[in-house]
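Since this is a predicted model, take the numbers as computed values, not measurements. The figures that follow rest on heavy atoms only: side chains count, while hydrogens, waters and symmetry mates do not.
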Amino acid sequence: MDNIMLEHIMDVLPTVLEKNKNLFSGKVRKNNWYQKRKSFLEKNARFLKSVRQEVLKKYDEDYVEDELFAMQKLYLLYPDTLPKKLLSLPWELIKIILNLYSVEKRKFYTDLALQFQWDSSKLEFYILNDLYEKYLSLISEINDYRVLTSKNVIPRLLEIQTLLYEEL
């Protein structure tokens, strides 16, 4: 990942959040989910525009809105300390992992992506095929802790997952 981009955004986001603290407050008078979502996205687009302008003023660097949105997610998910393992992955993988809701899931896929040197297509494949959920069900079925902690469990699960996919 571009560490300069990370430093710029992480430096600017708190300032912009403070300046725009009322942007996301207040009740949305819309009744349906679509209108609420549309309203939020419009507000967030204004917020990211402010972030982009602040970065340009301070660092003379420009980032596209998608990158700023991903950086915003990273900041909101990890406001205190950024996980070093996650940041050691390529930016494309980080953006995929940030879409996972569960902290445990993000950690699980981060560890595996590092261990097995996955690219984005491999990571997406295992996420879409619920590798994490399969791993959890495997854990619940294994009583022998030695088997569970052996280094062969995850590679075997990956192998089985791949074989199942190929046969479909």
A side-chain contact here means heavy atoms from C-beta on lying under 4.5 Å apart; do [X] and [Y] qualify?
| X | Y | value |
| --- | --- | --- |
| Lys122 | Gln117 | no |
| Leu17 | Phe47 | yes |
| Ile96 | Tyr109 | no |

(message) Show the nearest heavy-atom pair for residues Leu93 and Ala113, with the distance to one decimal.
(response)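 Looking at all heavy atoms of both residues, the shortest contact is CD1-CB, 4.4 Å.
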(message) Minimum heavy-atom separation for Thr81 and Tyr78, please, with both atom names.
(response) O-CB, 3.5 Å
Can you tell me how far the [atom1] atom of [X] sits from the [atom2] atom of [Y], to the nearest 0.5 Å?
| X | Y | atom1 | atom2 | answer |
| --- | --- | --- | --- | --- |
| Phe108 | Leu136 | CZ | CG | 7.5 Å |
| Ile97 | Glu124 | CD1 | CD | 11.0 Å |
| Ser50 | Leu68 | OG | CG | 11.0 Å |

(request) Would you please name every residue forming a side chain to side chain contact (heavy atoms under 4.5 Å, CB included) with Leu77, sequence neighbours left out? (result) Leu98, Arg106
(request) Quick one: list whatever passes side chain to side chain contact (heavy atoms under 4.5 Å, CB included) with Ser102, sequence neighbours left out. (result)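 With sequence neighbours excluded, Ser102 shows a side chain to side chain contact (heavy atoms under 4.5 Å, CB included) to Glu104, Lys105, given in chain and number order.
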(request) Please determine if Asp11 and Lys58 form a salt bridge, counting it only when a charged side-chain N lies under 4.0 Å from a carboxylate O. (result)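 So Asp11 pairs with Lys58 through a salt bridge.
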Common cluster, [X]/[Y], ILVMFWY with side-chain heavy-atom separation under 4.5 Å:
| X | Y | result |
| --- | --- | --- |
| Leu100 | Leu82 | yes |
| Leu76 | Val12 | yes |
| Leu131 | Phe116 | yes |
| Met71 | Leu56 | no |
| Leu114 | Tyr126 | yes |

(message) Heavy-atom count check: over 12 atoms from other residues, nucleotides or ligands less than 6.0 Å from Lys73 NZ?
(response) yes
(message) Going by the rule salt bridge (charged side-chain N to carboxylate O under 4.0 Å, His left out), which residues pair with Lys107 if we only count those two or more places apart in sequence or in a different chain?
(response) Asp111
(request) Carefully, step by step, assess Leu74 and Leu86 under the rule side-chain contact (heavy atoms from CB on, under 4.5 Å). (result) CA-CA 10 Å; Leu74 181 64; Leu86 179 65; 4.0 Å; yes
(message) Let's go through Leu48 and Arg52 carefully: what are the C-alpha distance in whole Å and the side-chain angles of both, what is the deciding distance for side-chain contact (heavy atoms from CB on, under 4.5 Å) to 0.1 Å, and is it a yes or a no?
(response) CA-CA 6 Å; Leu48 291 177; Arg52 188 175 186 187; over 6 Å; no
